Amino acid sequence: MSAGTASEAALDALFVPFITGELAWPADGRVLFLRARDGFVLRERRRPGWVMQQSFKPAADALARSGFEVVSDPPEGAFRVVMILPTRQREESRALFAQAMCRVGRDGIVVASVPNSEGARTAEADLAALAGGVRQLSKHKCRVFWTRAGVEPDIALMEQWLAFDAPQTIEEGRFMSRRGLFAWDRIDTASALLAEVLPDDLHGRLADLGAGFGYLACAAIARCPGIVAADLYEAEGRAIAPATANLAEAVAHANRRIATSVRWADVTHGIDTGYDTILSNPPFHQGRADQPELGRAFIATAASALAPTGRFWMVANRHLAYEAALDAAFARVRTVVERDGFKVIEAQEPRR
């Protein structure tokens, strides 16, 4: 089962206990869906008052296009039903369970669905430990499990798990990050390689595409005194707070005026234009399968957003064949270095 198929199956399975009558929708429509995903089963059974929470911009945009109310962060208030599609990162999912238990009303329930191949038994055991037991069923190669109405959660455990979602320092206090982000607890090897070989003459307006917690932009600001503005673009909304903090710290250390912004955005739909420098360690997968078209979309966006004399610096896994896309988008392309399974490429003279 592919990552995309697994996600769809988990969404379908989530609705099974409601379809079979084991669970009922609340009459007041107070339903919160954490990490919601758009899909036919969701659109078919929607009710007024449902709130979709999704911090990943492409998924949030898909829900909005289908007419749902979408929020990036879990809202306050009490809901009769809280639905969850947990993530593969265990502590991040534990934080989701704790957030759900904080928001479910006294007589409400929390319902979750996880593919068997992605740790369903472990996730079920975690929610059971927090809520004092769950009921469950299996369908579509997934496990669906839910709490009993009126349960009192383990308060100490809930507080411990809520803390898993808080931004925290990494790299001996040099950066803020957050569980669930790409390489959240370290500087990943590819980004470190790109930062190491960046020239110090980069200048003007800089953009970082797929910025994560902001490491590349911070490294460029520290190295390149000619940078006067930096815009970070990141699709995962949970990265915005740590990236903003890291960027502010980098500007303070640089001790010069730099205009900055951190934007929750899907860069494949385009960004501002006229940049002098664009950096990127583009994502190449969603789930477990390689999706090099994501990197190719980042290349096309960079070419469209650069000034005519601008420069694009990217790092990628060595096995990913981005050269054809780069040659189509830029008149000048060179591989700067290949090391540790990665390659750093500079591209100039974007084709219009």
Side-chain angles (χ1 to χ4, degrees), residues 169-178 181-234 239 242-256 258 260 262 267 275-285 292 294-295 298-299 301-303 305-306 309-323 325-326 330 332-348:
T169 59
I170 63 168
E171 295 290 318
E172 299 180 343
R174 292 172 54 211
F175 297 98
M176 296 295 297
S177 187
R178 200 172 186 180
L181 305 183
F182 170 70
W184 77 270
D185 58 350
R186 64 192 186 281
I187 307 302
D188 71 282
T189 303
S191 292
L193 178 60
L194 176 54
E196 177 187 332
V197 300
L198 283 179
D200 61 11
D201 64 346
L202 299 178
H203 63 277
R205 295 176 59 222
L206 174 143
D208 183 350
L209 308 188
F213 58 79
Y215 168 72
L216 282 176
C218 292
I221 287 170
R223 174 169 294 191
C224 307
I227 291 175
V228 300
D231 296 329
L232 278 59
Y233 294 86
E234 171 54 44
T244 300
N246 293 331
L247 192 57
E249 186 71 14
V251 171
H253 276 290
N255 195 29
R256 65 183 191 272
I258 303 173
T260 63
V262 181
V267 305
Y275 288 106
D276 302 288
T277 301
I278 295 181
L279 310 177
S280 188
N281 178 3
F284 64 92
H285 57 78
L294 287 172
F298 272 51
I299 291 166
T301 293
L306 276 172
T309 58
R311 301 159 72 182
F312 176 46
W313 285 75
M314 70 174 289
V315 63
N317 287 56
R318 188 160 51 193
H319 75 274
L320 294 174
Y322 289 142
E323 284 72 16
L326 286 160
F330 294 90
R332 296 170 57 194
V333 178
R334 70 183 182 102
T335 298
V336 178
V337 65
E338 292 190 24
R339 189 195 309 161
D340 302 325
F342 299 99
K343 56 190 174 186
V344 173
I345 298 170
E346 181 191 23
Q348 299 182 64

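In this text the structure is predicted, and so the values were computed from the model without any measurement.
Residues satisfying the side-chain contact (heavy atoms from CB on, under 4.5 Å) criterion with Ala229, sequence neighbours excluded, are Arg205, Ala259. In this view, Pro199 and Asp201, Leu202, Arg311, Trp313 satisfy the side-chain contact (heavy atoms from CB on, under 4.5 Å) rule, not counting sequence neighbours.
The CG atom of Asn317 sits 10.5 Å away from atom OG1 of Thr189, with the distance rounded to the nearest 0.5 Å. Remark: Ile187 CD1 to Phe213 CZ distance equals 4.0 Å, nearest 0.5 Å. Here the CG atom belonging to Leu198 is positioned 9.5 Å from the CD atom belonging to Glu346, to the nearest 0.5 angstrom. Atoms OG1 and CG, from Thr277 and Asp208 in turn, are 11.5 Å apart once rounded to the nearest 0.5 Å. Here CD1 of Ile258 is found 4.5 Å from CD1 of Ile221. Values are rounded to the nearest 0.5 Å. Atoms CD1 and CD1, on Ile299 and Ile345 in that order, are 7.0 Å from each other to the nearest 0.5 Å.
Residue Leu320 comes nearest to Glu323 through the heavy atom pair O-OE1, 4.0 Å, listed as atom of the first residue, atom of the second, then distance. Listed here is the closest heavy atom pair of Ala243 and Gly214: CB-N, 4.3 Å. Listed here is the closest heavy atom pair of Thr169 and Gly173: CB-CA, 3.8 Å. Taking both residues in full, the closest heavy atoms of Ala220 and Ile227 are given as O-CD1, 3.6 Å, listed atom of the first, atom of the second, then distance. Taking each heavy atom of Ile278 and Ala302 in turn, the nearest pair found is CD1-O, 3.6 Å. Contact record, Leu216 with Ser191: CD2-O, 3.6 Å, taken as the closest heavy-atom pair.
In terms of modelled atom types and a separation under 3.5 Å, the side chain of Ser280 and the main chain of Met314 share no donor-acceptor contact. Looking at Asn246, its side chain never comes within 3.5 Å of a backbone N or O of Phe175 through a donor-acceptor pair.
The shortest distance between side-chain heavy atoms of Val251 and Thr260 falls below 4.5 Å.
The aromatic rings of Tyr275 and Tyr233 stand perpendicular to each other, their planes meeting at an angle above 60°, with 30° marking the opposite boundary.
For residues 186-198, every residue pair satisfying the salt bridge (charged side-chain N to carboxylate O under 4.0 Å, His left out) rule, not counting sequence neighbours, is listed here: Glu196-Arg339.
Side-chain polar atoms of Asn281 and Tyr215 form no donor-acceptor pair below 3.5 angstrom.
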So Leu326 and Phe312, side-chain contact (heavy atoms from CB on, under 4.5 Å) or not? Walk me through it. CA-CA 10 Å; Leu326 286 160; Phe312 176 46; 4.1 Å; yes
